[in-house]
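Nothing here was measured: the structure is a model prediction, and the numbers come from that model.
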Amino acid sequence: MHTQSVESPPRPPAERGTVRWAGALALCSALLLALVAVRWYPLMTLDGDIAETTHRWAVDEAGVTHAFRILTDWVWDPWTMRILTAVVAIWLVWRRAARWTALWLAATCALATLVQQTLKTVVDRPRPVWPDPVDSAHYAAFPSGHAMTATVVCGLMLWLLHHYGAARVLWRTAAVVAVISVAGVGLTRVWLGVHWATDVVGGWLLGALVVVLAVRVHDRWRS
């Protein structure tokens with residue numbers, strides 16, 4: 001008489017995909033963090049070349065630089081993103097009675113800010129310094145808080161639209177706005193000479209990792 005072995009049920013494809021994405025993003029984030037922390041020379045050289053080129057453009061193109069300062073200080077500023085998060089959280093409670101989802105949204109954004117500030121303190125990477133700066137910023141450079149916050153907020157907003165069955169036109173429009181915002185804020189930070197390119201890439205990677213993990217937590221709670 002044979003007894004059947006008890007095995008855990010196979011993971012659904014969506015769950016396996018989430019695990020793969022999380023693993024890939026975590027690996028890339030950790031690798032970039034390590035290279036920045038040890039000041040790997042080829043990467044630092046590349047950062048310096050990009051920074052010098054974009055700074056020359058920023059000095060020469062005063063109109064574009066002024067527009068980028070408005071975008072980065074008002075439209076894509078982390079506080080603008082946090083206010084958007086608070087508005088959506090209130091809407092979730094008021095219109096959907098989704099208190100747990102609203103709390104999950106707020107907690108995810110708060111956790112992302114904590115991770116970002118902790119890494120800035122630990123890595124303590126200096127920002128670019130210019131004899132003729134076009135903008136200024138405070139705290140350490142890695143990762144870019146603007147890039148990470150925009151990635152987290154835009155990613156969560158897109159997921160919520162999908163989760164609540166937004167119309168296809170609305171979702172596609174929001175996706176275009178999100179891509180432009182996330183890419184645009186990274187461009188403005190490098191153009192204005194307040195971040196190295198790898199600061200922005202690190203912010204994007206870490207922000208995407210936070211979104212993937214947060215969605216996984218939400219799905220696990222629902223199931």
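With salt bridges taken as basic N to acidic carboxylate O contacts below 4.0 Å, one links Asp199 and Arg125.
Of all non-hydrogen atoms in Leu92 and Leu160, the two that sit nearest each other are CD1-CD1, 4.4 Å. Pairing each heavy atom of Ser144 with each of Arg189, the nearest pair is OG-CG, 4.1 Å. Here the closest heavy-atom approach between residue Ala102 and residue Ala89 is recorded as CB-O, 3.4 Å. Contact record, Phe68 with Thr188: CG-CG2, 3.8 Å, taken as the closest heavy-atom pair. The two atoms that bring Ile50 and Ala197 nearest to each other are CD1-CB, 4.0 Å, heavy atoms only. Looking at every heavy atom in both residues, Val210 comes nearest to Ala112 through CG1-CB, 4.2 Å.
Rounding to the nearest 0.5 Å gives a distance of 9.0 Å between CG of Leu25 and CG of Leu206. From Trp100, atom CH2 reaches atom CG of Leu105 across 10.5 Å, with rounding to the nearest 0.5 Å. Atoms CG and OG1, from Asp49 and Thr54 in turn, are 10.5 Å apart once rounded to the nearest 0.5 Å. We find the OG1-NE2 distance between Thr65 and His55 to be 9.0 Å, quoted to the nearest 0.5 Å. With rounding to the nearest 0.5 angstrom, the OG1 atom of Thr45 is 9.5 Å from the CH2 atom of Trp40. Of the inter-residue distances, the one linking Thr108 atom OG1 with Leu103 atom CG reads 9.0 Å to the nearest 0.5 angstrom.
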Go through Val215 and Thr18 one step at a time and tell me if the side-chain contact (heavy atoms from CB on, under 4.5 Å) criterion holds. CA-CA 9 Å; Val215 169; Thr18 301; 5.9 Å; no
Does Leu43 form a side-chain contact (heavy atoms from CB on, under 4.5 Å) with Leu32? I'd like the steps, not just the answer. CA-CA 9 Å; Leu43 192 63; Leu32 182 59; 3.9 Å; yes
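Here the side chain of Arg127 pairs a donor or acceptor atom with the backbone of His138 at under 3.5 angstrom. Using a distance-only test at 3.5 Å, with no hydrogens or angles considered, a donor-acceptor pair links the side chain of Trp196 to the main chain of Pro126. Using modelled atom types, no side-chain atom of Thr151 and backbone atom of Ala208 make a donor-acceptor pair closer than 3.5 Å.
Taking the ring centroids of His163 and His218, they lie under the 6.0 Å cut-off.
The cationic atom of Arg82 (NZ for Lys, CZ for Arg) lies less than 6.0 Å from the six-membered ring centre of Trp79 and within 45° of the ring axis.
The shortest distance between side-chain heavy atoms of Leu33 and Phe142 falls below 4.5 Å. When side chains are defined from C-beta on, Trp191 does not count as touching Thr72, because their heavy atoms never get closer than 4.5 Å. In this structure, the side chains of Val200 and His146 stay at 4.5 Å or more apart for every pair of heavy atoms. In this structure, Leu156 and Cys109 have side chains that are in contact, with non-hydrogen atoms separated by less than 4.5 Å. In this structure the side chain of Arg69 reaches within 4.5 angstrom of the side chain of Leu192, judged on heavy atoms. Contact check for Arg172 versus Val176: no side-chain heavy atoms found under the 4.5 Å cut-off. Between Thr198 and Leu35, every side-chain heavy-atom pair lies at or beyond the 4.5 Å cut-off. Between Met81 and Val152 there is no side-chain heavy-atom pair separated by less than 4.5 Å.
Residues Ile83 and Val88 are members of separate hydrophobic clusters, defined by side-chain heavy-atom contacts under 4.5 angstrom among Ile, Leu, Val, Met, Phe, Trp and Tyr. Val153 and Leu161 are members of different hydrophobic clusters when ILVMFWY side chains are connected at heavy-atom separations under 4.5 Å.
Under a cut-off of 6.0 angstrom, the local environment of OH in Tyr139 is sparse, with at most 12 non-hydrogen atoms contributed by other residues, nucleotides or ligands. More than 12 heavy atoms of other residues, nucleotides or ligands lie within 6.0 Å of CH2 in Trp130, so this atom counts as buried by the packing criterion. Heavy-atom contacts from other residues, nucleotides or ligands closer than 6.0 Å to CZ of Arg168 number 12 or fewer.
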